[in-house]
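We're numbering straight along the sequence, starting at 1. We count ligands from 1, going down the list as the structure has it; atoms in each ligand are counted the same way.
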Amino acid sequence: MPSTDHPGTQLRIGVLALQGDFAEHLAMLRANGVDAVEVRTLAQIDGCDGLVIPGGESTTIARLLIAFDMLEPLRERIRNGLPTWGTCAGAILLATDVPALDREPIGVMDMTVDRNAFGTQIQSFEADLDIAGMEGPPLRAIFIRAPVIRRVGKAVEVLATLADGRIVAARQGHLLATSFHPELTNDARMHGYFAEMCREQLDAEARAAS
Ligand code: GLN
């Protein structure tokens, strides 16, 4: 939905398209009225109001970010306020602490994430989740070789847990992490939630500049 604070301004959100299931995110963002674009370079990211880091292989995405000299500049942009949402592998990359990653993560969200916490591909599963701040029925969440958020820092708000208490969605200001894949369902509410976060950040920046 268009923002009431920015009438006529369409949000542009980039989906990092180095590896993983970026195409599915584009459709879900567009369902929320967002101008969604694939991004592969820092210049493309700089044209966006927010960034999605998709699921895939966190080791591969980390290696590509390093190979393309994007890791440090991307970290800086995110620290400087670029709203960023990591799903699954993307969530792993956002964490400051990932014991089982053989490369440096982007490392911007104060949390510890365990990769492949539910076992292998065949142990993939679905669950209905209540997401804090989201209206309507529970969200159907698909977990594929999913990570779990084992620890969150003080600045991190837990948005959803499984029935056993394990954390699978969290937010730290302009940063969002989900263990699961909302882009693989036909429920676009999680993408709407992130679009709202991007609008909040635009509003905050406009207030700071005035
Ligand atoms: N297991 C993958 C990893 O550790 C994440 C899986 C996914 O993104 N669906 O990077």
Taking only Lys NZ, Arg NE, NH1 and NH2, and the carboxylate oxygens of Asp or Glu, determine whether Arg189 and Glu196 approach each other closer than 4.0 Å.
no

Ionic contact status for Asp46 with Arg77, cut-off 4.0 Å:
yes

Considering heavy atoms of the protein only, find what lies nearest to atom 9 (N) of ligand 1 and give residue, atom and distance to 0.1 Å.
His181 NE2, 2.8 Å

Could you tell me whether Asp110 and Arg151 have a side-chain N and a carboxylate O separated by less than 4.0 Å?
yes

Donor-acceptor contact present, side-chain Thr84 to main-chain Leu175, <3.5 Å:
no

Taking heavy atoms and a distance under 4.0 Å, where does Thr87 meet ligand 1: side chain, backbone, both or neither?
neither

With a 4.0 Å cut-off on N to O distance, would you call Arg30 and Glu183 a salt bridge?
no

Suppose I only count heavy atoms of Ile92 and a 4.0 Å limit; which atoms of ligand 1 are within that range?
3 (C), 4 (O), 10 (O)

Ligand 1 atoms in contact with Gly55 (distance to a heavy atom under 4.0 Å)
8 (O)

Heavy-atom nearest option to atom 2 (C) of ligand 1, drawn from Ala89, Pro147, Gly56
Gly56

Within ligand 1, which atoms have a heavy atom of Ile144 less than 4.0 Å away?
6 (C), 7 (C), 9 (N)

Considering only heavy atoms from C-beta outward, does the side chain of Arg199 approach that of Asp49 to under 4.5 Å?
no

shortest atom 4 (O) of ligand 1-to-protein heavy-atom contact is with Arg115 NE, 2.7 Å

Under a 4.0 angstrom heavy-atom cut-off, which atoms of ligand 1 come close to Ser58?
3 (C), 4 (O), 10 (O)

Does Thr59 reach ligand 1 with a nitrogen or oxygen that is under 3.5 Å from one of the ligand's nitrogen or oxygen atoms?
no

Are a donor atom and an acceptor atom from the side chains of Arg166 and Thr161 found within less than 3.5 Å of each other?
no

For the pair Thr96 (side chain) and Met109 (backbone), establish whether a donor and an acceptor sit closer than 3.5 Å, ignoring hydrogens and angles.
yes

Atom 7 (C) of ligand 1: nearest protein contact (heavy atom, Å)
Cys88 SG, 2.8 Å

Nearest to atom 1 (N) of ligand 1, what protein heavy atom do you find, and at what distance?
Asn116 OD1, 2.6 Å

